[in-house]
Protein chains: 2
Amino acid sequence: MRDALKEITQLDDNTWQVFNNVITETSLQKGDLLVYPGQVCRHIYFLETGLLRSFLHQEGEERNVAFTSENAFVTDLKSLRSGQPTELTIQALEQSTVLQLAKTDLMRLYHESHQIETFGRQLLEALLEAREEYATWFTLHSAKERYELFSQKYPSLLQRLALGHIASFLGIRRETLSRIRHLK
Amino acid sequence: MRDALKEITQLDDNTWQVFNNVITETSLQKGDLLVYPGQVCRHIYFLETGLLRSFLHQEGEERNVAFTSENAFVTDLKSLRSGQPTELTIQALEQSTVLQLAKTDLMRLYHESHQIETFGRQLLEALLEAREEYATWFTLHSAKERYELFSQKYPSLLQRLALGHIASFLGIRRETLSRIRHLK
DNA sequence: AGGGCTGTGTGACAAAAGTCAAAAAATAAA
DNA sequence: TTTATTTTTTGACTTTTGTCACACAGCCCT
């Protein structure tokens, strides 16, 4: 995790130790849930190894809204901030190891350390930029083009994810993605 | 602007003054551009009065990706962070007054004041939450449903925006939105 | 009042994507 | 390996949305 953090901001040894003290490691088997719908999300998570998906229920179907792969952060920001129960499920698609950091600890750390607050801001900037790009996929591109963008941006996920999971993330049906694949 | 900031975080008088010193006011006529495609975006903007749209060019068409109404912040995050020329245009749809804050000043303020860094983080959290919600409109909902969500969430914009601008933001054609409107 | 201008509505048709059902293929389990 | 289970593919058909052409309304302007 420290290496991943260095990509975002510089933390000195002392600050890293403070961070390290409040982190706990969890292990997930394939299929296990990290965030349960109906409960309040009280942590942010850092995925060390494995693969996660975040999904919502809509008309009896599961709709994926995000994938998280190694060395990335994930949480349910809405529930985390509001303290309201989440509608989101976060599930391991592969056996995964996750570091978790409680909101209460994070808030305290933000307050105590300007350096950690800077890290938080920079992480959020990167996440926002990514979400803005994802949103433009839908306003600017067709289903086929969205699949091509996905293939370019996440070529490794293309192998690891089931076709149905990708389709859902792209806002189309499995059958449609299957056809798109076999056109070209 | 101070009142709007209070909604996000608490700034003491001193910090507010520091902020205030680096802000300059600009006025825009209807149709004027705030961010020009091909140039680097070097400011964040706070809209005091008026209405802005952010759009991209795609296949000879303009596609709206965001609207900004009174007392909200806007910028091109991607260009601001990378220093690369933007593809985005930000344009006034009504006569508007805008406060602008240079990236260089903001970076200095972030560094000098933990309180301002906290403000930045909290603002980004709110923006990210909003973008996440917007993205789910496309994975979860049909064109008609997206229009209903837009109507609920931004009833005032419904009056102020041309139908074509809304359609573009919802990822559909003007004709389709016109038909959706006349169905119910 | 009579042009331009811009934005909106309508119709006929084409293309894209969704639906449902069933077969084929790939995985996992026994 | 054989059987079960899940995932992907295919086909026929429906619905939704896009495309193009043009009519219509509102508004500003002189």
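Numbered from 1 within each chain, the chains take letters A, B, ... in sequence-line order.
Judged as a salt bridge (charged side-chain N to carboxylate O under 4.0 Å, His left out), the pairs with a partner in residues 128-143 of chain B (not counting sequence neighbours) are, in order, A:R81-B:E129, B:E133-B:K153.
A donor-acceptor pair is defined here as one N or O able to donate and one able to accept, closer than 3.5 Å; such a pair exists between the side chain of B:S96 and the backbone of B:L51. Between the side chain of B:N64 and the backbone N or O of B:H165, at least one donor-acceptor pair lies under 3.5 Å. For the pair B:S79 (side chain) and B:P85 (backbone), a donor-acceptor distance under 3.5 Å is absent.
Residues that satisfy the salt bridge (Lys or Arg N to Asp or Glu O under 4.0 Å) test with A:R53, not counting sequence neighbours, are A:E62. A search for side chain to side chain contact (heavy atoms under 4.5 Å, CB included) contacts involving A:K30 returns nothing, not counting sequence neighbours.
Under the 6.0 Å cut-off for aromatic ring centres, A:F119 and A:F19 qualify, their centroids lying closer than that. For A:Y134 and B:F138, the ring centers sit 6.0 Å or farther from each other.
Between B:Y154 and B:F150, the ring planes are tilted. Angles from 30° to 60° get that label.
Mapped onto DNA chain C by nearest heavy atom, B:E175 and A:E175 fall at different nucleotides, with B:E175 at the one closer to the 5' end.
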Anything under 3.5 Å between a protein N or O and an N or O of nucleotides 4-8 of chain D, put it in a table, one pair a line.
unit_1 : atom_1 : unit_2 : atom_2 : d
D:dT8  : OP1    : A:L163 : N      : 2.6
D:dT8  : OP2    : A:G164 : N      : 3.1

For nucleotides 14-18 of chain D, list the nitrogen or oxygen atoms of the protein found under 3.5 Å from its nitrogen or oxygen atoms, one pair per line.
unit_1 : atom_1 : unit_2 : atom_2 : d
D:dT17 : OP1    : B:A143 : N      : 3.2
D:dG18 : OP2    : B:R173 : N      : 3.2
D:dG18 : OP2    : B:T176 : OG1    : 2.6

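Inter-residue side-chain proximity for A:Q91 and A:L93 is flagged as met; some heavy-atom pair is nearer than 4.5 Å. At a threshold of 4.5 Å between non-hydrogen side-chain atoms, the residues A:T86 and A:K78 do not count as touching. Between B:I172 and B:Y147, every side-chain heavy-atom pair lies at or beyond the 4.5 Å cut-off.
Taking every nucleotide of DNA chain C with any atom under 4.0 Å from a non-hydrogen atom of chain B, the first and last of them, 5' to 3', are C:dT8 to C:dA12.
Between A:H114 and the choices B:E112, B:H114, B:E117, B:Q115, the side-chain hydrogen bond (donor to acceptor under 3.5 Å, both in side chains) rule is met once, by B:E117.
Taking the charged nitrogens against the carboxylate oxygens, A:E125 and B:K103 have no contact shorter than 4.0 Å, which rules out a salt bridge.
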Q) In B/S/- notation, 5' to 3', how is nucleotides 25-30 of chain D contacted by protein heavy atoms closer than 4.0 Å? A) ------
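Within residues 149-158 of chain B, no residue has a heavy atom under 4.0 Å from DNA chain D.
Connectivity analysis of hydrophobic side chains (ILVMFWY, heavy atoms under 4.5 Å, direct or indirect) links A:L52 to A:L28, A:L34, A:V35, A:Y45, A:L47, A:L56, A:V65, A:V74, A:L88, A:I90, A:V98, B:L140. Hydrophobic clustering, defined by side-chain heavy atoms of Ile, Leu, Val, Met, Phe, Trp and Tyr closer than 4.5 Å, groups B:Y36 together with B:L33. When hydrophobic side chains of Ile, Leu, Val, Met, Phe, Trp and Tyr are connected at separations under 4.5 Å, B:F55 ends up as a singleton with no cluster partners.
Note on the helix from C:dA1-D:dT30 to C:dA30-D:dT1: terminal axis deviation equals 40°, with five pairs used at each end and the result rounded to 10°.
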